[in-house]
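Positions are given from 1, in the same order as the sequence printed here.
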Amino acid sequence: MTLAVMAKLRPRPTAAVLRAVFACLEDKREGEVRVRAAQVLSRLQGGIPPRVRDVALTLLGDSQVWVRRFALAVLERVTPPEAGLAVPLEEHLLLDDDNRTETLRALWVHAPERALRLLIEEAGNARERPSERSILFESGVRAIFLLGTCGVKAASVVPDLLRLRNGSWAQVFIDAALDDILRAEFRGRTYPPVSGAPSSLVEALRAELPVPTSAAERPADVLVRWAIECAGQGTEARVRMALAAIRRVVGQWDDEHPEDDGPRRGVAAMEDWLCAPSDEAARRARRESNLVPSQMSAPAAFSASWSLANGSRCIPLSGPVSLEESDTYDRALRACLSSANRALSGSAWSNGAFGTSTRAQEQLSPPEGVRALQRAIQEEVLPWALGTWDPVRDVRRERSRLDASVCSTR
């Protein structure tokens with residue numbers, strides 16, 4: 001219990017802390033003690049000291065899956081990158097099927113080019129969904145998601161992903177990864193200055209988060225107040241804000257439940273509506289996103305799924321929403337953002353998920369989660385509001401163009 005509290009407190013790597021944690025790691029009888037001690041090492045504040053890195057390398061041979069998983073989380077945080085860690089990580093990939101994703105994530109930090117090649121190979125394991133649970137298949141889906149998080153650094157494997165997507169069960173995951181990579185490329189380009197005075201939406205998006213009204217106001221409620229001020233500019237702005245928040249957390253579901261592509265199909269349906277709004281597209285987006293996760297899901301995945309279900313209700317079923325509308329759609333946005341913040345902090349509703357996580361995901365505090373969601377919304381909605389580029393329509397068009405180009409070369 002002491003170790004569990006230490007992990008939540010994220011202690012500094014003082015001599016006293018490391019001496020106590022290292023002693024717990026030597027306990028060969030109590031696997032849970034070693035797991036909690038390894039978790040503390042993965043949650044230390046600041047950089048990873050060399051002796052912690054060395055201990056993490058020895059823990060890769062532990063019999064407990066979670067000890068190895070947290071050890072890999074430690075190695076992922078080693079800075080600056082160490083090319084010398086590439087060989088032990090590649091060797092570990094051959095030995096530890098339960099931690100393939102975590103090993104590849106750490107390898108990406110220390111040897112990106114070698115990791116990209118292995119991630120594409122891993123992604124190929126998700127082409128066909130097996131009739132029963134398969135570690136390789138699940139790792140393949142997670143590899144696709146990880147490629148998307150690599151951004152422009154994964155641009156060189158876009159042709160490989162395009163070839164992999166056709167006829168693949170994981171097509172919706174691959175499309176999402178491609179869009180994430182292309183979106184990062186668009187974001188890194190230089191655009192001409194926007195002429196004219198900033199719109200009220202641009203000004204609202206650029207505004208700082210409001211000051212809490214009281215000490216009792218939750219960080220998520222502060223974010224909601226800021227978002228509703230922005231969403232007052234109309235339907236499309238509200239839907240784009242919800243979509244940006246959902247996109248920031250939907251990977252929590254992919255990581256925990258890679259066998260279920262429902263949330264990714266829901267996100268794609270919301271994008272379809274933004275590209276071509278219609279009553280039929282609105283109904284389809286609502287239907288595809290209306291997912292009710294099992295309460296035995298991991299808390300982060302549970303909340304991410306509810307963020308999607310709530311966010312899709314920002315889409316009106318008939319016609320645009322006027323500025324004088326009722327607060328129905330604002331309530332949907334509120335529920336979407338609140339669920340997204342819970343997904344990032346790993347907390348469950350009071351009567352929510354009862355399951356436990358199967359992955360060693362990094363969790364943010366509620367204030368950190370709020371800031372992460374605000375950044376995600378600003379990065380995705382501001383370019384559209386300014387008229388420089390569209391993070392939904394332009395990315396879709398670019399993916400279609402690249403896909404046609406790959407098909408024509410076959």
Side-chain angles (χ1 to χ4, degrees), residues 69 72 76 86 89-185 247 250-265 267-268 271 301 304 358-361 395-396 398-400 402-407 409-410:
R69 190 161 294 174
L72 289 163
E76 183 184 346
L89 288 170
E90 285 186 326
E91 292 175 348
H92 190 71
L93 185 65
L94 301 174
L95 301 172
D96 190 356
D97 281 345
D98 291 310
N99 289 310
R100 298 179 70 85
T101 305
E102 289 75 15
T103 306
L104 287 167
R105 189 177 288 120
L107 183 62
W108 165 255
V109 171
H110 301 290
E113 291 302 319
R114 294 161 79 171
L116 279 178
R117 173 179 52 81
L118 292 170
L119 282 167
I120 284 293
E121 291 179 7
E122 198 76 6
N125 293 323
R127 284 188 63 87
E128 296 183 9
R129 183 179 177 180
S131 57
E132 56 186 30
R133 183 166 185 252
S134 165
I135 290 177
L136 289 179
F137 166 79
E138 293 178 1
S139 180
V141 173
R142 294 188 183 106
I144 294 168
F145 167 67
L146 183 54
L147 283 167
T149 66
C150 295
V152 293
K153 294 180 180 179
S156 62
V157 300
V158 164
D160 298 291
L161 283 172
L162 287 167
R163 283 189 287 270
L164 185 63
R165 74 184 286 274
N166 293 317
S168 171
W169 176 87
Q171 180 174 328
V172 69
F173 291 106
I174 296 173
D175 285 346
L178 285 166
D179 287 356
D180 286 340
I181 295 169
L182 296 174
R183 196 173 290 110
E185 284 191 318
R247 211 193 306 279
V250 71
Q252 305 275 24
W253 182 272
D254 299 343
D255 212 22
E256 296 284 355
H257 305 288
E259 77 291 346
D260 186 351
D261 63 352
R264 284 292 180 184
R265 285 189 283 104
V267 171
E271 293 175 341
T358 61
R359 320 307 300 175
Q361 296 174 338
V395 168
R396 281 282 190 96
E398 180 66 6
R399 186 199 343 136
S400 297
L402 291 172
D403 192 28
S405 175
V406 169
C407 290
T409 59
R410 291 175 181 166

Please report the interatomic distance CD1(Ile144) to CG(Asn125), rounded to the nearest 0.5 Å. 9.5 Å
For the student: nearest non-hydrogen atoms of Ala304 and Gln252, plus distance: CB-CB, 4.3 Å
Are the side chains of Val172 and Asp175 in touch, meaning some heavy atoms are under 4.5 Å apart? no
Holding to salt bridge (Lys or Arg N to Asp or Glu O under 4.0 Å), I want the full list of residues that pass it with Arg247, two or more places apart in sequence or in another chain. Glu271, Glu380
With Glu122, which residues qualify under salt bridge (Lys or Arg N to Asp or Glu O under 4.0 Å), at least two apart? Arg100
Could you state the interatomic distance from CG (Asp160) to CD (Glu121), rounded to the nearest 0.5 Å? 10.5 Å
Leu89 side, atom CG; Leu118 side, atom CG - distance, nearest 0.5 Å: 11.0 Å
For Leu72 and Arg105, what are the C-alpha separation, side-chain angles and deciding distance, and is it a side chain to side chain contact (heavy atoms under 4.5 Å, CB included)? CA-CA 9 Å; Leu72 289 163; Arg105 189 177 288 120; over 6 Å; no
Which atom pairs, donor and acceptor, lie under 3.5 Å between side-chain atoms of residues 107-114 and protein residues at least two apart or in another chain?
| unit_1 | atom_1 | unit_2 | atom_2 | d |
| --- | --- | --- | --- | --- |
| His110 | ND1 | Glu82 | N | 3.0 |
| His110 | NE2 | Leu75 | O | 2.8 |
| Arg114 | NE | Glu90 | OE2 | 3.3 |
| Arg114 | NH2 | Glu90 | OE1 | 2.7 |

From CD (Glu102) to OG (Ser139), nearest 0.5 Å: 8.5 Å
Any sub-3.5 Å donor-acceptor pair from Arg127's side-chain atoms to Leu164's backbone N or O? yes
Leu182 and Leu402: side chain to side chain contact (heavy atoms under 4.5 Å, CB included), yes or no, with the steps? CA-CA 10 Å; Leu182 296 174; Leu402 291 172; 3.8 Å; yes
How close do Pro159 and Ser156 get, heavy atom to heavy atom, and via which atoms? CD-O, 3.7 Å
So, for Ala126 and Ala170, which heavy atoms are closest and what is the spacing to 0.1 Å? O-CB, 3.5 Å
Backbone N/O of Asn99 and side chain of Thr103: donor-acceptor pair under 3.5 Å: yes
Name all pairs fulfilling the ring pair (Phe, Tyr, Trp, His ring centres under 6.0 Å) condition that reach into residues 141-173, sequence neighbours left out, sorted by first residue then second. Phe137-Trp169, Trp169-Phe173
Under the side chain to side chain contact (heavy atoms under 4.5 Å, CB included) rule, what do Ile181 and Leu161 come out as? Steps first, then yes or no, please. CA-CA 11 Å; Ile181 295 169; Leu161 283 172; 4.0 Å; yes
Partners of Glu259 by salt bridge (Lys or Arg N to Asp or Glu O under 4.0 Å), sequence neighbours excluded? none
For residues Ala155 and Glu185, report the shortest heavy-atom separation together with the two atoms involved. CB-OE2, 3.4 Å
So, for Ala184 and Gly151, which heavy atoms are closest and what is the spacing to 0.1 Å? CB-CA, 3.8 Å
Walk me through it: do Leu147 and Asp180 pass the test side chain to side chain contact (heavy atoms under 4.5 Å, CB included)? CA-CA 9 Å; Leu147 283 167; Asp180 286 340; over 6 Å; no
Does Asp261 have any salt bridge (Lys or Arg N to Asp or Glu O under 4.0 Å) partners at least two apart in sequence or in another chain, and if so, which? Arg265
In a check of side chain to side chain contact (heavy atoms under 4.5 Å, CB included) between Leu178 and each of Asp403, Leu162, Val395, which one passes? Leu162
Is it true that Asp255 and Arg142 have a side-chain N and a carboxylate O under 4.0 angstrom from each other? yes
Least distance between heavy atoms, Leu104 atom then Leu146 atom: C-CD2, 4.2 Å
